[in-house]
Structures are given as structure tokens and as C-alpha cells.
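Have a look at the structure below, then the notes.
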Number of protein chains: 2
Amino acid sequence: MLATAFTTAGDLGNGRSVLDAAAPAARDPLDDRLARAAPRTIEAREHIFCEGDRATHVYRVEVGHLCIYRMMSDGRRQVVDFAYPGDIIGLGALGEHGESAQAMERTVVRGMPLATLRELAQTDHRLGMKLYEALSRELMAARELLFTVSQRTATERVAAFLLALSRRAVRRGESATEIVLPMTRMDIADFLGLTIETVSRTLTRLRTDHVIDLEQCILVTICNPAALAELAQSSGQVGRRG
Amino acid sequence: MLATAFTTAGDLGNGRSVLDAAAPAARDPLDDRLARAAPRTIEAREHIFCEGDRATHVYRVEVGHLCIYRMMSDGRRQVVDFAYPGDIIGLGALGEHGESAQAMERTVVRGMPLATLRELAQTDHRLGMKLYEALSRELMAARELLFTVSQRTATERVAAFLLALSRRAVRRGESATEIVLPMTRMDIADFLGLTIETVSRTLTRLRTDHVIDLEQCILVTICNPAALAELAQSSGQVGRRG
DNA sequence: CGGGCGGTTGATGAGCATCAACACTTGTGG
DNA sequence: CCACAAGTGTTGATGCTCATCAACCGCCCG
């Protein structure tokens with residue numbers, strides 16, 4: 001098993017963070033239902049649901065990007081995932097949502113009531129299994145992120161993040177080296193457990209080292225994928241734990 | 001929703017990390033089956049399963065304690081959970097296990113084949129739902145731990161850890177203030193994303209501040225629960241993020 | 001034009017990892 | 001039964017990483 005690591009970007013290593021659009025095209029009752037559901041548009045910075053809200057629907061992202069996060073009473077924030085088109089969010093909520101889902105830009109989703117989902121799952125065992133597997137993947141992704149945040153240095157985290165985004169882009173049929181960041185530095189920082197300054201500095205250093213190229217703060221070009229992968233793994237440090 | 005935090009010890013805040021023994025006593029087909037399964041004894045430091053092993057069973061802990069963890073190629077380790085008697089481990093594995101389960105002392109478990117579990121889940125919808133909920137709680141717990149490791153200081157982490165252990169003890173009908181640590185400093189460190197020295201020093205400071213008492217490195221007495229809870233929350237630091 | 005937001009860069013220092021030495025416990029073999 | 005070795009925990013000295021505080025730039029939008 002590879003140790004790479006993120007839910008958002010290719011879910012670091014293995015499992016996907018959420019049911020992914022790139023899944024096999026077998027007729028899926030969930031997809032069928034969602035395709036018939038009315039689309040709902042969310043403006044930038046608006047929330048689909050918030051931590052503590054009663055969970056009523058699951059949603060599939062059609063257009064745009066979402067940021068899934070938790071807040072602490074004193075304002076500290078932990079981003080747990082970024083949702084891309086095709087991703088399904090709101091799974092795993094028991095009664096109420098454990099995190100908030102905010103649109104990073106104008107975003108379109110389709111929703112399905114939980115009651116309908118439960119009904120479908122009871123008549124179709126394969127769907128029940130799919131939901132279970134989706135949740136398992138989210139759990140794997142969460143632990144992968146835990147690992148990254150807990151054990152890796154700032155450089156390792158940022159490198160792993162970019163690689164994860166790259167992998168995710170490939171799965172979506174996009175370029176592996178030209179990556180558009182839909183999220184702000186603040187979002188990245190709160191995802192990786194760093195500050196915006198550290199994220200910014202780390203990206204700058206990667207640029208001066210010719211590992212990546214940066215344009216308009218939003219477009220990252222991976223110039224040296226091998227070096228980036230190397231940095232993501234151990235960044236040269238050894239330490240007693242190695 | 002409270003922000004407290006751990007899977008192991010009371011799963012910081014809300015969900016339990018695994019199906020918990022203290023669950024309502026309604027006739028449970030899973031419990032029934034497991035009760036009839038043959039017990040298996042695991043010696044200290046032995047593994048029930050390892051990262052990458054093909055997943056064949058789920059297990060319920062009968063006696064003893066387990067440490068659930070992941071390793072990185074360079075030796076860095078992340079403990080994701082501690083399993084206590086009554087806890088069920090091995091859920092959520094897709095094909096192969098994503099983490100290793102090691103006995104911290106002589107431990108007894110009962111296992112059930114995944115095939116049997118799947119069968120039961122298909123005939124009994126309530127069991128399928130239970131498994132789904134158990135996984136949801138594990139996901140919540142994983143994110144809670146992520147939050148703790150990512151955003152909190154060393155003191156906050158250790159304090160939250162002790163509180164979680166205390167909560168877990170209460171659920172098990174044991175003392176809330178006299179806590180026996182079944183794990184080593186190394187396990188705690190790898191759980192909280194710290195070093196053993198930092199864990200040791202933090203515990204020592206808590207003792208000199210008369211928040212806890214320490215005997216034989218293994219028995220923690222919480223002298224001042226309120227102070228401990230205070231420390232777990234924000235430890236007085238403000239910072240720009242507050 | 002001016003204010004606000006997001007991003008970058010610099011200076012400084014705190015928190016924690018690292019390295020090192022020592023105390024204590026446990027188990028093993030003479 | 002004791003000595004010794006290995007494992008676990010504690011404490012101290014030092015330095016690095018990254019957070020913090022601060023200033024500045026560019027952009028968007030009213």
C-alpha cells in the first residue's frame with residue numbers, strides 16, 4: 001500500500017474521499033435518482049449545510065467546488081475535505097451534520113432525501129454495499145490526512161497535497177501537471193494544519209527550486225514530478241524515528 | 001456540539017470510535033453470533049492483523065487492549081485508535097486492512113468471518129444500518145482526532161486525551177478520576193503526534209500543577225477535572241486564529 | 001479613487017523535536 | 001539470589017521548524 005495521502009486530491013494513496021464521478025458506469029440507482037433531482041445553485045461563500053444542522057439530504061456536486069470543514073469554539077478551523085464535481089457529500093451524518101459544507105465559488109448540486117436513500121438501500125443491497133464502501137473510503141482518507149498532518153513536515157504536507165490534487169486531476173481526465181487551485185491559501189492552510197504564511201513560503205520555495213511554477217496564485221505547474229514525490233515522502237530528514 | 005475529542009477514550013465529543021459494549025441491550029444478531037464464536041488469545045506485542053493483510057474477519061475484544069496503527073516506510077507511526085473490551089475492530093476494511101492491530105498485553109478476541117457478517121446484514125436491515133452507523137462514528141472519531149492533532153498544542157492534546165480516557169472509563173462503569181493507562185508513552189505519543197519526551201514532560205507539568213497525580217507511570221489520578229477541561233479547550237493561548 | 005481581501009515576504013521567538021544522560025523496572029542467566 | 005542487560009520513563013540542554021506579528025503588493029469592486 002502506498003503512503004501518499006489526501007482525500008481531496010486523489011485521496012492520498014488509495015481510497016477516494018467520496019463516491020467519485022469516475023466510478024464504473026454500471027447503471028447506478030443513486031446516479032439515476034440524482035440525475036432526475038432538481039439542481040440547486042449555491043453562491044460563493046454560501047453554505048449547503050452547517051455543523052449541527054439536522055441532516056436531511058445527501059448531495060452530488062454538479063458544478064463548482066465545496067469546502068468541508070469543522071470549527072472550534074475559539075475560531076480554529078479544520079478543513080476535512082474538498083468536494084469536486086461528481087463527489088457526493090453528506091454521507092455518514094447521524095442525525096446531524098458533523099461538519100459544514102461551503103461553496104468556494106458559485107456551485108450547483110443535486111440533492112436526495114435521506115429517507116429516499118434508505119429506501120433505495122433496503123431494496124437494493126448493492127447500493128447499501130456501495131454506501132458502506134464509500135464511507136470506508138472516507139474513513140481511509142480521513143486517516144490518511146491524519147497521518148499527513150500529524151507526522152509530516154510543512155514541505156512534505158504541501159508536496160503531498162499538490163500530488164494528491166494532481167492525481168485527482170488525472171482521474172478527472174485533466175492534466176497531471178497543470179493544476180488549478182479552486183481553494184484559497186487559507187483553505188489549504190486549514191486543511192494541512194499550517195498557517196497561510198507557511199503555505200505561501202513553502203510554495204515559493206518549491207518555485208525557486210524549480211519543482212513547480214506558480215502563476216496568478218491559482219495555477220500550479222508541476223515542473224519536476226519526481227522531485228515533488230521525493231519531497232512528499234520524507235524531505236531528506238531522518239531523525240530518530242526513521 | 002462539544003469539541004472535545006478522541007476515538008479511544010470517549011471519542012472526543014460525540015460518536016464512539018467503534019461499536020461499544022455499552023450499547024443498548026436490544027437483542028443483537030452480531031452479539032449473539034460473536035458470543036458463540038471461539039475465543040482467540042493474542043499474546044502481548046502480537047498482531048491480530050497487519051496493514052495490507054487480506055481482511056477476513058471482524059473481531060470483538062473480550063479481554064485486554066489493542067493498539068490500531070499505521071506505519072510509514074521510514075518508521076513514522078500513527079496510532080489511530082485504542083480498542084477496549086467490547087469494541088469491534090476490523091470494520092471498514094475494503095479487501096485488505098488499512099492498519100495493523102497489535103495487542104498491548106495478553107488479549108482475548110472473538111472473530112466473525114466477513115462473509116457471515118455480509119449474510120447477516122442482508123437478512124437483517126437493522127444490522128446493516130448498525131454497521132453503517134458504526135462506521136460513521138469511526139469517521140467522526142477520526143476527524144475529531146485529526147482536529148486535535150492538527151490544531152491543538154501539546155498540553156491541550158494530552159489534557160484532551162486524559163479526559164477522553166476518563167469519559168471512556170465512565171461509560172465502562174469505572175472511576176472517572178482513577179485512570180489506568182494500558183498503553184505506553186510511545187503509544188500515546190504516536191497517537192497524539194508528539195514525542196515520548198513531550199508526553200512525559202507534559203504529564204509531569206500537569207502533576208506539578210496539581211491537575212493530576214501520577215503513580216508508577218500507569219495510574220493517573222485526575223485531581224482537578226475542571227482545570228484539565230480548561231487546559232483541553234484552549235490552554236490560555238489566543239493567537240490570531242482565536 | 002480608496003477600501004478590503006488575498007497573497008507574499010521579512011523579523012522574531014515560542015514550542016516542541018532532538019540529542020544525551022540517567023533512574024527505574026523487569027526478566028534472564030550464572 | 002544476585003548481577004546484568006534490555007526496555008521504559010524522566011529530565012536536561014540545545015536548536016530547528018513553524019507560528020506570530022508586521023509591512024507591503026496587487027487585485028477586485030463599490
Side-chain angles (χ1 to χ4, degrees), chain A residues 43-45 67 74-77 104-106 148-159 180-208 212-220 231 234-242, chain B residues 43-45 67 74-77 104-106 148-159 181-190 192-208 212-220 231 234-242:
Chain A
E43 296 300 324
R45 319 215 131 261
C67 178
D74 61 2
R76 284 179 282 186
R77 189 176 75 137
M104 295 189 285
E105 70 225 39
R106 178 172 295 191
T148 295
V149 162
S150 174
Q151 309 286 342
R152 290 171 151 162
T153 65
T155 304
E156 289 173 337
R157 294 184 214 184
V158 171
V180 175
L181 303 180
M183 68 289 285
T184 67
R185 296 289 187 269
M186 190 72 191
D187 293 327
I188 299 175
D190 287 344
F191 183 64
L192 296 177
L194 300 169
T195 59
I196 51 177
E197 293 95 330
T198 299
V199 171
S200 181
R201 267 187 259 269
T202 305
L203 287 173
T204 301
R205 191 161 353 103
L206 290 178
R207 189 186 48 190
T208 56
I212 64 171
D213 201 5
L214 271 176
E215 287 157 58
Q216 314 159 69
C217 319
I218 240 183
L219 179 63
V220 175
L231 286 173
S234 73
S235 119
Q237 61 143 31
V238 277
R240 120 173 69 167
R241 317 180 78 142
Chain B
E43 296 301 323
R45 319 214 131 262
C67 178
D74 61 2
R76 282 179 284 186
R77 189 175 76 136
M104 295 188 284
E105 72 226 37
R106 178 172 295 189
T148 295
V149 161
S150 174
Q151 309 285 344
R152 289 171 153 163
T153 66
T155 304
E156 288 172 338
R157 294 184 214 184
V158 172
L181 303 179
M183 67 290 284
T184 67
R185 297 287 187 269
M186 189 72 192
D187 294 327
I188 300 174
D190 287 344
L192 297 177
L194 300 168
T195 59
I196 52 176
E197 294 95 331
T198 299
V199 171
S200 181
R201 267 187 259 270
T202 304
L203 287 174
T204 301
R205 191 161 354 102
L206 290 179
R207 189 186 48 189
T208 56
I212 65 171
D213 201 5
L214 271 177
E215 289 157 57
Q216 313 159 67
C217 318
I218 240 185
L219 178 63
V220 176
L231 285 173
S234 73
S235 118
Q237 60 144 32
V238 279
R240 120 171 71 168
R241 315 180 82 142

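Chain naming here is simple, since letters A, B, ... match the order of the sequence lines and numbering starts at 1 in each.
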Integer-rounded Å distance: dA17(C) P and Leu192(B) CG:
11 Å
Could you tell me which residues satisfy side chain to side chain donor-acceptor pair (under 3.5 Å) with Thr202(B), sequence neighbours excluded, listed by chain and number?
none
Between the protein and nucleotides 6-11 of chain C, which nitrogen or oxygen pairs are less than 3.5 angstrom apart?
from, atom 1, to, atom 2, distance (Å)
dG6(C), OP1, Arg45(A), NH2, 3.2
dG7(C), OP1, Arg185(A), N, 3.4
dG7(C), OP2, Arg185(A), N, 3.0
dT8(C), OP1, Arg185(A), NH2, 3.1
dT8(C), OP2, Arg185(A), NE, 2.8
dT8(C), OP2, Ser200(A), OG, 2.8
dT8(C), O5', Ser200(A), OG, 3.0
dT9(C), OP2, Thr204(A), OG1, 2.6
dG10(C), N7, Arg201(A), NH1, 2.7
dG10(C), O6, Arg201(A), NH2, 3.1
dA11(C), N6, Arg201(A), NH2, 3.4

Can you name the side chain to side chain donor-acceptor pair (under 3.5 Å) partners of Arg45(B), sequence neighbours left out?
none
Just how far, in rounded Å, is P of dA19(D) from CZ of Arg76(A)?
13 Å
Can you establish whether the number of heavy atoms outside Gln216(A) located under 6.0 Å from its atom CD is more than 12?
no
Test side-chain contact (heavy atoms from CB on, under 4.5 Å) applied to Leu214(A) - qualifying residues, sequence neighbours left out:
Arg185(A), Leu203(A), Arg207(A), Ile212(A), Val220(A)
Spacing between Arg157(A) atom CZ and dC18(D) atom P, to the nearest angstrom
7 Å
Between P of dG7(D) and CD1 of Ile218(B), the distance in whole Å
18 Å
To the nearest Å, give me how far apart CZ (Arg152(A)) and C1' (dC18(D)) are.
18 Å
Nearest-0.5 Å distance that lies between atom CG in Leu206(A) and atom CZ in Arg201(A):
14.0 Å
Listed partners of Glu43(B) passing salt bridge (Lys or Arg N to Asp or Glu O under 4.0 Å), at least two apart:
Arg106(B)
Axis bend over the full length of the helix from dC1(C)-dG30(D) to dG30(C)-dC1(D), computed from five pairs that close each end, to 10 degrees:
30°
